[in-house]
*Asks:* 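Here's a structure for you.
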Amino acid sequence: MQDYVARTGLDVIAITNHNLFDYAQFQEIKNALPNTVVLPGIEVDLEKGHILVIANNDEGTLFDFNAKCEEVKNLITTKDDDINYHTFIRIFGDLSRYLLIPHYEKDPKLHKDVIKKLGRNIIAGEVSSVKKFIYMEKEESEITPVYFSDFRVEKGIMSDMFPVSHTFMDIDQVCVNTLKLCLMDKSKVSLTSEKGIKLFQIFPNGQMLSTGLNIMFGKRSTGKTYTLNAIANRFDGKAKYIRQFELLNTGKNDSDQFENDLKVRQENSAEDYLREFGAVVADMLKTCSVDEDEMKLQKYIEAVMSSAQQSDVNDVFSKSKLFNESDFKELGHDEIKKLILATITLLESQLYKPMINKYLPEASLKALLKELIEQCRKDNIQSMFFKEVNNMIKTVKDSLQLKSAAPRIPDIDLYQYFINKKKREVFAQIAIAVKRNRTISAEKAGHFTISVSARPFANATDLKTIGLKQVSLTSAFAKYGSPVLYLEELKAAGVESNRIYKLFAAIDYKILNSSGLPVSGGERSEFNFLQKIKDAILCDILIIDEPESSFDNIFLKNEVNKFIKEMAEKMPVIISTHNNTIGGSIKPDYILYTEKKIEEDGPHFNIYSGYPTAKALKDVDGNGIENYEITLNSLEAGEQAYSERKDIYETLKN
């Protein structure tokens with residue numbers, strides 16, 4: 001701990017063990033770090049989320065804080081335990097005495113409802129990455145972000161693995177109140193000690209990166225790839241790393257991979273388009289078939305006619321009220337359950353709460369929810385009564401039938417018969433509409449278009465594209481024009497019920513070039529590259545190693561540079577390059593230059609860095625090299641080569 005604090009130059013640390021405050025350990029750390037402010041704290045499991053509670057370190061506060069933390073420790077004894085909001089308030093009392101920092105953009109997040117209850121006591125939220133810090137810093141509606149190291153001191157940790165995630169605050173004295181006042185102003189909080197500089201530390205030696213776009217230069221074998229790997233390792237699997245030559249489409253395996261990726265995207269698009277139709281098909285599969293309904297109706301009519309013709313055989317048993325009595329229809333609960341869930345959704349919405357409450361006050365929604373739940377309970381009880389009474393009726397009817405020679409009219413739900421008939425009519429209309437030729441979406445990705453369209457299946461072989469190779473669908477496809485009969489045939493053919501809906505409409509997913517034609521081999525690599533850059537939005541940093549190894553300059557300038565600049569507005573991006581289209585035209589925010597020097601004890605790798613406008617790039621020890629010279633050497637092979645090429649271009653032009 002002493003080594004970590006010394007190397008990183010920390011002014012303030014907080015000791016926040018999980019659901020525990022160890023008073024003796026805290027005093028030991030405080031005594032061992034006389035030049036560092038050590039604050040007492042605890043990380044509490046609060047309603048399935050985490051929150052830091054940090055106090056002042058004077059003796060009076062420590063004694064009281066220790067007692068409160070002891071109560072937390074006794075209540076939370078396993079990893080699955082937590083305390084609720086009211087218990088938290090009871091334990092800590094006056095929250096204004098503490099600095100409260102919830103897990104905000106970091107798992108496990110403290111629920112927004114709990115944060116809202118804590119009110120003005122929450123002025124900052126902890127994030128898990130530079131990317132999330134940048135987002136919250138820019139977003140006016142968000143609270144102030146803080147980015148902590150979460151350093152867990154244990155044996156065997158080498159100094160080169162010390163975390164470098166710190167938060168810098170513009171204050172001159174440290175206590176809970178000054179920290180809170182500082183956090184109320186986002187402009188006084190940053191990732192670097194220099195005000196207004198959008199940098200953050202990446203290595204324990206003090207090496208910085210920009211929160212925007214970083215370009216790395218350097219000759220071959222000077223440690224560029226080694227540095228990129230080290231940066232990726234710092235992000236614990238949350239870095240999107242596009243390695244050199246990774247995207248070159250060089251053989252059959254690459255082509256197969258592209259086709260497999262295309263198939264996956266096609267299946268996902270089909271799932272998105274057909275999801276609601278899938279629910280309709282699932283309902284139809286639970287509905288009686290035409291033959292079953294007609295058979296029930298026929299039996300009922302025959303029984304009624306037979307009963308009328310044999311009225312002379314009626315006896316005391318068949319004349320009783322219950323002999324031909326119908327069952328009570330049990331109440332369905334689907335509608336009221338949907339209403340309950342819809343009301344809960346309206347109550348729990350945070351983003352649109354002001355708009356909802358403008359027309360539907362929260363008190364009215366709560367009253368509605370209460371009444372809906374009470375009605376649902378009443379309906380449940382009513383259904384239980386109906387069920388019991390129906391059982392009694394059945395028992396009596398069965399007993400009467402045993403003693404009577406008169407035929408009994410079978411039960412039939414004529415209302416359900418006509419509902420089923422209408423269902424089939426509507427299902428047929430929907431199924432025909434679903435398979436109609438149409439463009440579902442046409443999304444632009446650079447000069448490519450991702451086209452998703454629906455169409456009818458052409459034949460039984462076309463159906464096989466869904467992956468049902470073990471099932472014969474020839475006879476089923478003969479009924480494709482009649483949706484209800486087609487559905488019955490698919491069931492009879494043994495198609496799994498959860499896949500049937502996919503056999504009504506074919507979904508085509510195509511990647512088209514600027515001419516509207518399917519992409520060629522080289523264009524596939526370009527498309528994949530743009531997709532990988534877009535996919536990086538799910539990560540915390542984007543790292544690209546020499547993209548010019550795979551692509552031409554026109555593509556880099558017109559397509560790649562635009563995408564990279566857009567990503568750099570949302571997260572840190574670092575690119576290693578020798579190419580002036582990437583290195584110069586893209587206008588980076590920060591430059592790094594790697595250098596290898598052979599000393600007596602072997603090779604040494606060094607990194608110089610600075611802003612593109614800086615006259616000199618410097619290493620962490622303050623040594624400098626001329627920016628102009630290394631940039632020209634890296635991107636243009638030196639000033640002489642640059643001048644010669646310039647003369648050639650001028651001659652060609654004239």
Side-chain angles (χ1 to χ4, degrees), residues 279-343 368-430 482-485 487-492 497 500:
V280 174
V281 172
D283 186 55
M284 282 302 299
L285 290 170
K286 291 185 285 186
T287 303
C288 289
S289 67
V290 178
D291 291 344
E292 288 174 305
D293 269 351
E294 292 302 327
M295 191 180 298
K296 286 179 186 176
L297 183 62
Q298 188 62 33
K299 283 184 178 179
Y300 173 74
I301 292 170
E302 288 173 358
V304 169
M305 293 177 68
S306 177
S307 175
Q309 290 167 357
Q310 300 180 43
S311 58
D312 56 325
V313 298
N314 281 340
D315 49 34
V316 67
F317 302 107
S318 63
K319 288 179 180 178
S320 64
K321 293 283 186 183
L322 290 180
F323 188 75
N324 282 314
E325 183 59 76
S326 298
D327 288 348
F328 284 96
K329 184 159 180 69
E330 294 178 32
L331 297 173
H333 302 118
D334 288 350
E335 186 172 352
I336 198 163
K337 284 180 180 177
K338 285 178 183 176
L339 287 171
I340 289 170
L341 290 173
T343 309
L368 173 61
L369 180 62
K370 182 182 176 186
E371 192 167 338
L372 285 170
I373 291 171
E374 288 172 353
Q375 186 61 47
C376 188
R377 287 173 177 160
K378 288 177 184 176
D379 290 349
N380 275 328
I381 293 168
Q382 187 83 322
S383 290
M384 288 168 65
F385 285 149
F386 285 166
K387 195 171 185 178
E388 288 301 315
V389 172
N390 285 341
N391 286 337
M392 294 177 194
I393 292 173
K394 184 178 184 304
T395 302
V396 174
K397 284 164 73 174
D398 289 346
S399 299
L400 291 171
Q401 180 68 72
L402 288 172
K403 297 183 178 184
S404 175
R408 197 175 78 200
I409 299 172
D411 289 335
I412 186 170
D413 188 340
L414 290 172
Y415 177 73
Q416 189 61 51
Y417 170 86
F418 285 106
I419 285 289
N420 291 349
K421 186 176 181 182
K422 190 66 179 174
K423 266 188 182 182
R424 293 185 198 100
E425 291 174 9
V426 175
F427 170 72
Q429 294 169 6
I430 295 171
S482 304
V484 175
L485 296 178
L487 180 66
E488 295 296 329
E489 288 289 338
L490 291 174
K491 279 170 61 179
S497 58
I500 286 178

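Residues take their numbers from the sequence shown, with the count starting at 1. Not measured: the values here are computed from a predicted model. Note that these values count all heavy atoms, side chains included, but never hydrogens, waters or copies made by symmetry.
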*Asks:* Between I393 and F328, is there a side-chain heavy-atom distance shorter than 4.5 Å?
*Replies:* yes

*Asks:* Should Q298 and E302 be marked as a side chain to side chain donor-acceptor pair (under 3.5 Å) after you check the CA-CA gap, both sets of side-chain angles, and the distance that decides it?
*Replies:* CA-CA 6 Å; Q298 188 62 33; E302 288 173 358; 3.2 Å; yes

*Asks:* Less than 4.5 Å apart, any side-chain heavy atom of C288 and any of Q416?
*Replies:*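 In short, these two side chains do not touch, never coming nearer than 4.5 Å.
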
*Asks:* Out of curiosity, D293 CG to I412 CD1, how far, rounded to the nearest 0.5 Å?
*Replies:*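 It is 7.5 Å, given to the nearest 0.5 Å.
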
*Asks:* Say you draw a straight line from OG of S326 to NZ of K397; how long is it, rounded to the nearest 0.5 Å?
*Replies:* 6.5 Å

*Asks:* Hey, what do you get for CD (Q382) to CD (Q375), rounding to the nearest 0.5 Å?
*Replies:* 9.5 Å

*Asks:* Just verifying a value: how many Å separate L372 CG and K338 NZ, rounded to the nearest 0.5 Å?
*Replies:*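 Nearest 0.5 Å value for the CG-NZ distance: 14.5 Å.
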
*Asks:* Does the side chain of Q429 come under 3.5 Å of the side chain of E425 through a donor N or O and an acceptor N or O?
*Replies:* no

*Asks:* With rounding to the nearest 0.5 Å, note down the distance linking OG in S482 to CD in E489.
*Replies:* 10.5 Å

*Asks:* Answer yes or no: are there more than 12 heavy-atom neighbours, outside Y300 itself, under 6.0 Å from its atom OH?
*Replies:* no

*Asks:* Restricting to pairs with a member in residues 369-386, which pass salt bridge (charged side-chain N to carboxylate O under 4.0 Å, His left out), not counting sequence neighbours?
*Replies:* none

*Asks:* Quick one: closest heavy-atom pair of S404 and F323, and the distance?
*Replies:*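 Looks like CB-CE1, 4.1 Å.
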
*Asks:* Side-chain contact test, heavy atoms from C-beta onward, threshold under 4.5 Å: evaluate it for L414 versus L297 and give yes or no.
*Replies:*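 Counting from C-beta outward, L414 and L297 do come under 4.5 Å.
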
*Asks:* For a quick test of reading the model, state the closest non-hydrogen atom pair linking K329 to F386 and the distance between them.
*Replies:* O-CD1, 3.5 Å

*Asks:* I need the full list of side chain to side chain donor-acceptor pair (under 3.5 Å) pairs touching residues 385-396, with sequence neighbours left out, sorted by first then second residue.
*Replies:*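 For residues 385-396: K394-D398.
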
*Asks:* Would a 4.5 Å heavy-atom cut-off, applied to side chains only, mark N420 and E292 as touching?
*Replies:* no

*Asks:* Can you find a heavy atom in the side chain of L285 that is under 4.5 Å from one in the side chain of L487?
*Replies:*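 When only atoms from C-beta onward are counted, L487 and L285 do touch, with a gap below 4.5 Å.
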
*Asks:* Distance check, rounded to the nearest 0.5 Å: L485 atom CG versus R424 atom CZ?
*Replies:* 10.5 Å

*Asks:* Under 4.5 Å between any side-chain heavy atoms of D283 and K423, yes or no?
*Replies:* yes

